[in-house]
Amino acid sequence: MKKSTKKEIVWSILIILFFVLMLSPLLIALSGSFRSPDNGTSFLQLFNEFSLESYKEAFEDMHYFRSLKNSIITTFSSVAILLVTASLAGYALARLKTKIGGFLQVFFLAGMMISAQMSIIPIYSIMRSLKINNSYMAPIVMYVTISIPFSIFVYTNFVKSGVPLALEEAARIDGASRVGTFCKVVVPLTKPVLASIIITQGVPIWNDFFLSMLFLSSSTKKTLPLVMLSFLGDMQKPTQWTTLFAACFLSALPILVIYAFLQKQFVGGLTVGAVKG
C-alpha cells in the first residue's frame with residue numbers, strides 16, 4: 001500500500017472519530033428528548049423509549065407560540081435593520097476614494113474589538129433612562145450595534161472585489177440615479193454576502209440569552225432561549241433533563257426549518273462571503 005494512501009486512511013479515521021465525538025452530545029440530547037419525564041435510566045442508553053410527553057410538557061411550559069413570536073420579532077427586526085444599514089454603509093465606504101473612507105473602515109472595524117459585556121452597566125443605564133429597558137427595542141438596538149462592525153467589513157470588501165465599477169457607471173449613463181444604481185445593480189450582485197451576514201449574525205441573535213435576560217424582564221416578552229431558564233432546577237426541584245432537551249430542540253426547530261428551505265443560498269452565501277471578505 002502506498003504511503004499516501006495510508007496517510008489518507010489515517011486522516012479519514014481521525015476525521016470520523018472527531019465528528020462522532022462532536023455529535024455524541026447532540027445524539028444523547030435527541031435520545032433523551034424522546035423519553036417520558038419519569039424515565040430515569042442512563043442517557044447513554046440511546047433511544048430506549050419513544051415518547052412525546054417531554055415535548056408536550058416543554059411546549060406548554062414554554063408558552064411556545066408566544067416565545068416564538070418574541071424571538072421572531074427580535075431576530076427578524078435586528079437582521080432587517082442590520083442588512084439595510086450594513087449594505088448602505090458598506091457600499092459608501094467601498095466607493096469612497098478619500099482618506100476619510102479608510103479612516104471610517106478602521107473606525108467600524110475597531111468596534112469588533114469591544115465586547116458588549118465590558119460596557120453593559122452604562123448601556124443598561126442608558127436604556128433605562130430612555131425607558132426602553134423592558135421592550136423589544138433594547139435588545140434590537142444592542143444586536144444591531146454588536147453585529148454592524150463585522151457586517152460592514154464583509155460587505156465593503158465584497159463590493160470592492162465582487163461588484164465591477166463599470167456596471168454602476170453604465171447604469172448612471174443610462175440615467176439611473178445613485179439610489180437606483182444601488183438598488184437595481186449593487187444589491188442583486190451582493191445577495192451572496194447578504195446571505196452570509198444573515199447566517200453569521202442571525203443565528204447568534206436567535207440563540208442569544210444574555211441580552212434577552214438583561215433587557216426583557218416581562219414574562220410575556222421572553223424569547224425561546226430565555227424561557228428555557230425555567231427548566232433548570234434547584235435543590236428543591238431537580239432539573240427535568242428530558243424536558244430541557246425537548247425545549248432545546250423546539251427552540252432550534254425554526255432555524256432548522258429555514259435552513260432546510262434555504263440551504264443552497266446559505267451555503268453559497270457563507271462560502272462566497274468568506275472568500276470575498
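We use all heavy atoms of the structure for the numbers below, so side chains are in, but hydrogens, waters and symmetry mates are not. All values derive from a computational prediction rather than experimental measurement.
Residues forming a side-chain hydrogen bond (donor to acceptor under 3.5 Å, both in side chains) with Ser33 (at least two apart in sequence, or on another chain): Tyr55.
Between Phe34 and Phe50, the angle of the ring planes stays under 30°, which puts this pair in the parallel group of the 30/60° scheme.
Side-chain contact, Thr190 with Tyr155: a donor N or O sits under 3.5 Å from an acceptor N or O. Between the side chains of Ser36 and Glu49, a donor-acceptor pair is found at a separation under 3.5 Å. Side-chain contact annotation: Ser217 with Asn134, donor-acceptor N/O pair under 3.5 Å present. Donor-acceptor pairing under 3.5 Å is recorded for the side chains of Tyr143 and Ser212.
A donor-acceptor pair under 3.5 Å is absent between the side-chain atoms of Ser71 and the main chain of Leu68, judged by distance alone. Under a 3.5 Å cut-off, the side chain of Asn157 and the backbone N or O of Phe153 do form a donor-acceptor pair. With Ser54 contributing its side chain and Arg35 its backbone, the two residues share a donor-acceptor pair below 3.5 Å. With hydrogens and angles ignored, the 3.5 Å screen pairs no side-chain donor or acceptor of Ser147 with any backbone N or O of Val144. Looking only at distances, no side-chain donor or acceptor of Ser151 sits under 3.5 Å from a matching main-chain atom of Ile148. With Ser31 contributing its side chain and Leu27 its backbone, the two residues share no donor-acceptor pair below 3.5 Å. Distance alone, capped at 3.5 Å, is enough to place a donor-acceptor pair between the Ser24 side chain and the Leu21 backbone. Using modelled atom types, one side-chain atom of Ser87 and one backbone atom of Val84 make a donor-acceptor pair closer than 3.5 Å. Listed for the Ser196 side chain is no donor-acceptor partner under 3.5 Å among the backbone atoms of Pro192. Using modelled atom types, no side-chain atom of Trp206 and backbone atom of Leu224 make a donor-acceptor pair closer than 3.5 Å.
Leu244 approaches Met228 most closely through the heavy-atom pair CD1-O, 4.0 Å. Residues Phe215 and Pro139 share a closest heavy-atom pair of CB-CD, 4.0 Å. Here the shortest heavy-atom pairing between Ala86 and Ile152 reads CA-CG1, 3.9 Å. Nearest heavy atoms, Tyr64 versus Leu250: OH-O, 2.8 Å. Residues Tyr91 and Val159 approach most closely at CD1-CG1, 4.2 Å, considering heavy atoms. The minimum heavy-atom distance between Met127 and Val141, with the atom names listed, is CE-CG1, 3.9 Å.
With values rounded to the nearest 0.5 angstrom, Lys221 atom NZ is found 9.0 Å from Asn70 atom CG. Distance CG/Asp208 to OG1/Thr75: 9.0 Å, rounded to 0.5 Å. Residue Phe18 holds its CZ atom at 9.0 Å from CG of Leu23, rounded to the nearest 0.5 Å. If you take NZ on Lys222 and CG on Leu216, they are separated by 9.5 Å, rounding to the nearest 0.5 Å. To the nearest 0.5 angstrom, Cys248 atom SG is 11.5 Å from Leu30 atom CG. Here CZ of Phe245 is found 8.5 Å from CZ of Phe249. Values are rounded to the nearest 0.5 Å.
Two residues are said to be in side-chain contact when any heavy atoms from C-beta on lie closer than 4.5 Å; Tyr124 and Leu214 meet this criterion. Between Gln201 and Leu82 the shortest side-chain heavy-atom distance falls below 4.5 Å. Side-chain contact between Glu60 and Lys56 is present, with at least one heavy-atom pair separated by less than 4.5 Å. Inter-residue side-chain proximity for Leu167 and Leu189 is flagged as met; some heavy-atom pair is nearer than 4.5 Å.
When hydrophobic clusters are built by joining Ile, Leu, Val, Met, Phe, Trp and Tyr residues whose side-chain heavy atoms come closer than 4.5 Å, directly or via intermediates, Val20 is not grouped with Leu14. Taken together through direct or relayed side-chain contacts under 4.5 Å among Ile, Leu, Val, Met, Phe, Trp and Tyr, Met62 and Phe65 form part of one hydrophobic cluster. Ile13 and Met22 are assigned to two separate hydrophobic clusters, defined by single-linkage of ILVMFWY side chains at heavy-atom distances under 4.5 Å. In terms of hydrophobic clustering, with Ile, Leu, Val, Met, Phe, Trp and Tyr side chains grouped at heavy-atom distances under 4.5 Å, Leu165 and Leu88 are assigned to different clusters. Residues Ile121 and Met213 fall within the same hydrophobic cluster, defined by Ile, Leu, Val, Met, Phe, Trp and Tyr side chains chained together at heavy-atom separations under 4.5 Å.
A salt bridge links Glu168 with Arg95: the distance from a Lys NZ or Arg NE/NH1/NH2 to an Asp or Glu carboxylate oxygen falls below 4.0 Å.
For the side-chain contact (heavy atoms from CB on, under 4.5 Å) criterion with Leu211, the lone passing option out of Thr74, Ile205, Ile146, Leu226 is Ile146.
More than 12 heavy atoms of other residues, nucleotides or ligands sit less than 6.0 Å from atom CZ of Arg172. Remark: Lys160 NZ is packed, more than 12 non-hydrogen atoms of other residues, nucleotides or ligands lying under 6.0 Å away.
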